Amino acid sequence: MPELPEVETIVRELRGRIEGKTVQHVQVLRRDVIYGADVPIEEHLLGRSIGKVTRRAKRITFDFKPPTRVVFHLGMSGRLNLVPCEEELKTHTHLTLTFEKSRHELRFVDPRRFGGVWLLDGTYESSTGRSLGPLGPEPFDLIPAKFALLLQRQKQIKALLLDQTLIAGLGNIYCDEALHAAGVHPTSRAGEIEADDTRRLLRAIKSTLHRAIRHRGSTLVDYRRANGDPGSFQRLHRVYNREGQPCKRCRTPIERMQVAGRSSYFCPACQPVRDA
DNA sequence: CGCATTTCCTGGAGGC
DNA sequence: TGCCTCCAGGAAATGC
């Protein structure tokens, strides 16, 4: 389940290995995971070279000759791997790119197909199919005053943090980890959180994400780094996927409940329900 | 509009 | 072993 740290890891590992490379061959195994421009992706990319590789929230962008860009969203089971060309294709490989003067190729694999590839060529607005929705600010760009303003609504704090149009990049894992680090219960109404807790929560979000990036993300089931290796931050999770296990801060058993339709892990002692 | 709930999809886990 | 059901989740779609 790639969230911001996992996507950032992949971008850092791809950047430098594929920037400047010229696309030699495009293999489309599933056309219906590619959205955006009407013209086939092969025609856009063949013989063109990759400019900058960047991340915005959970999206990865390859710049080609303007205005052409390719955006990858990994959804929950998507992978973007750079592997030796001779390596066997995994099932659910939907798109591959080979490069001139390179023994490695890029592969987009996504069994559950919650992800996708968007080909943007300036005609995007008129194109059909799934669209890339608007994004809120990057967590790292937020300052306390701006964050406090975002929280002025009745939504449950966890649902708010998961809403990509308000803050972009957090998913289920890092929401739970940040809420625990800040001592905030996931069902707290955002607008009722004390100013001190609001500041603590923003700091917790940033530090949790930074630490996760340092450990190359969390691998539970599907996520892999660009070279196929797992991340290691899952070993440092304090609440996520730890139901019944002792809180790493106070030893109280971690509980699980549904919030915003998602499994949410929290410590009932460190994250008390506060009455307004 | 705001907020909550349902939907898409597959592989893995667990029951029998 | 095989067959069945259920569950995980990002984010769009739908409901109220």
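Just so we're on the same page: letters track the sequence lines, and every chain starts at 1. Quick caveat, the model's predicted, so the values are computed rather than measured. The basis for the numbers below is simple: all heavy atoms, side chains too, and nothing from hydrogens, waters or symmetry mates.
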Response to the item:
When rounded to whole Å, the CZ to C1' distance for the pair A:R113 and C:dA11 reads 16 Å
Discussion item. I need the CG-C1' distance between A:L162 and C:dA8, as an integer number of Å.
Written reply: 14 Å
Discussion item. Determine whether A:I34 and A:W118 satisfy the following criterion, side-chain contact (heavy atoms from CB on, under 4.5 Å), listing intermediate values before the conclusion.
Written reply: CA-CA 6 Å; A:I34 303 174; A:W118 280 260; over 6 Å; no
Worksheet item: Hey, are A:E138 and A:R56 close enough for a salt bridge, meaning a charged N less than 4.0 Å from a carboxylate O?
Response: yes
Worksheet item: OP1 or OP2 of C:dG9 less than 4.0 angstrom from a side-chain nitrogen or oxygen of A:Y240, does that happen here?
Response: yes
Worksheet entry | Residue mapping more 5' on DNA chain B - nearest nucleotide basis, A:H92 or A:G261 | A:G261
Discussion item. In this structure, how many angstroms lie between the C1' atom of C:dG9 and the CD1 atom of A:I173, rounded?
Written reply: 10 Å
Response to the item:
The nucleotide from C:dA11, B:dT10, C:dG9 with an atom nearest the side chain of A:M76 is C:dG9
Worksheet item: How close or far is atom P of B:dC9 from atom CG of A:D32, stated in whole angstroms?
Response: 10 Å
Practice prompt. Look at the side-chain N and O atoms of A:Q164 and state whether any lies under 4.0 Å from the OP1 or OP2 oxygen of C:dA11.
Written response: yes
Worksheet item: Could you state the CZ-P distance from A:R153 to B:dC1, rounded to the nearest angstrom?
Response: 12 Å
Item to complete: For A:R262, answer base if it contacts any base atom (sugar-phosphate contacts may also be present), sugar-phosphate if it contacts only those atoms, and nothing otherwise; contact means non-hydrogen atoms under 4.0 Å.
Response: base
Worksheet item: Do the side chain of A:R112 and the base of C:dA8 come within less than 3.5 angstrom through a donor-acceptor pair of N or O atoms?
Response: yes
Worksheet item: Does the distance from a Lys or Arg side-chain N to an Asp or Glu carboxylate O, for A:K158 and A:D176, drop under 4.0 Å?
Response: yes
Response to the item:
Against the side chain of A:Q258, the closest entry in C:dA8, C:dA11, B:dC3 is C:dA8
Worksheet item: Are any side-chain N or O atoms of A:Q258 and backbone N or O atoms of A:S264, one a donor and one an acceptor, separated by less than 3.5 Å?
Response: no
Fill in: Name of the residue among A:H237, A:Q234, A:E177 meeting side chain to side chain donor-acceptor pair (under 3.5 Å) with A:S218
A:H237
Item to complete: May I have the distance from A:R79 (atom CZ) to C:dG9 (atom C1'), rounded to whole angstrom?
Response: 16 Å
Worksheet item: What nucleic acid atoms does A:Y174 come within less than 4.0 Å of, heavy atoms only: base, sugar-phosphate, or nothing?
Response: nothing
Discussion item. The side chain of A:K155 is closest to which nucleotide in this list: B:dT10, B:dA4, C:dG10?
Written reply: B:dA4
Worksheet item: Tell me: CG of A:D163 to P of B:dT5, nearest whole Å?
Response: 15 Å
Worksheet entry | Criterion ring pair (Phe, Tyr, Trp, His ring centres under 6.0 Å) against A:Y240, the qualifying member of A:Y174, A:F233, A:Y265 | A:Y265
Worksheet item: The side chain of A:R189 lies closest to which of these nucleotides: B:dT10, B:dA4, C:dA11?
Response: B:dA4
Item to complete: Name the nucleic acid region contacted by A:R30, choosing base, sugar-phosphate or nothing; use a 4.0 angstrom heavy-atom cut-off, strictly under.
Response: nothing
Practice prompt. Starting from P on B:dT10, measure out to CG on A:L74 and report it in whole angstrom.
Written response: 18 Å
Worksheet item: Taking for each residue the nucleotide of DNA chain B with the nearest heavy atom, is it A:V221 or A:F114 whose nucleotide lies nearer the 5' end?
Response: A:F114
Fill in: Under 4.0 angstrom between A:H73 side-chain N/O and C:dG10 OP1 or OP2
no
Fill in: Residue met sooner reading DNA chain C from 5', once A:L170 and A:S263 are mapped to nucleotides
A:S263
